[in-house]
Amino acid sequence: MSEDELQIRERAWVGDAVLCLFARRWVLAQDGKMDGERVIRLTSNKFLSALGNPTKVEAQIGAVFEQEGLSAAFQHIETALLPLFLKQEKNRRTLK
């Protein structure tokens, strides 16, 4: 594994944790209760693959966190990921 690949994986490891924290806090704020299935949908590789390579998406979150902190990483998630997630959730409800 190259140094670049290792750095991407390490940032993705951190980015995954930041995304999970964001998802849990966001679901609690939106729904007023815990909803593990919704958290899983927001953090899954299936969802992230709609935005690109899941590892690279998580690595970008990790990079923002490392360079600018948690608030900036959360803002990045709200801007870059949340609109597509909300669209998918709306479509999911429509199909039920």
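- In this structure, the side chains of Asp35 and Leu28 stay at 4.5 Å or more apart for every pair of heavy atoms.
- Considering CG of Leu82 and NZ of Lys87, their distance stands at 14.0 Å, rounded to 0.5 Å.
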Check the pair Phe74 / Arg25 against side-chain contact (heavy atoms from CB on, under 4.5 Å), numbers first and verdict last. CA-CA 10 Å; Phe74 279 8; Arg25 291 181 68 187; 3.5 Å; yes
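- Thr79 pairs by the side-chain contact (heavy atoms from CB on, under 4.5 Å) definition with Gln75, not counting sequence neighbours.
- A donor-acceptor pair under 3.5 Å links the side-chain atoms of Glu5 to the main chain of Ser2, judged by distance alone.
- Criterion: ILVMFWY side-chain heavy atoms under 4.5 Å apart, direct or through other members. Under it, Phe22 and Val27 are part of a common hydrophobic cluster.
- Sorted pairs that involve residues 52-65 and meet side chain to side chain donor-acceptor pair (under 3.5 Å), not counting sequence neighbours, are lacking altogether.
- Atom CG of Leu21 is separated from atom CD1 of Ile77 by 8.5 Å, given to the nearest 0.5 angstrom.
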Sequence neighbours left out, cut at 3.5 Å: what donor-acceptor pairs do the side chains of residues 38-52 make with other protein atoms?
residue	atom	partner	partner atom	Å
Arg38	NE	Glu89	OE1	3.3
Arg38	NH1	Asp31	OD1	2.6
Arg38	NH1	Asp31	OD2	3.0
Arg41	NE	Glu89	OE2	2.8
Arg41	NH2	Glu89	OE1	2.9
Thr43	OG1	Val39	O	2.9
Ser44	OG	Arg41	O	3.4
Ser44	OG	Phe47	N	3.1
Ser49	OG	Asn45	O	3.2
Ser49	OG	Lys46	O	2.7

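- Remark: Ala72 pairs with Val64, Glu68 by the side-chain contact (heavy atoms from CB on, under 4.5 Å) rule, at least two apart or across chains.
- Each side chain to side chain donor-acceptor pair (under 3.5 Å) pair with one or both residues in residues 7-22, not counting sequence neighbours, appears once here: Arg11-Glu66.
- Under the ring-ring contact (aromatic ring centres under 6.0 Å, His included) criterion, Phe65 pairs with no residue at all, not counting sequence neighbours.
- Counting Ile, Leu, Val, Met, Phe, Trp and Tyr side chains that sit under 4.5 Å apart, directly or through other members, Leu6 shares a hydrophobic cluster with Met1.
- Taking a 6.0 Å sphere around CD of Gln67, one finds it holds more than 12 heavy atoms contributed by other residues, nucleotides or ligands.
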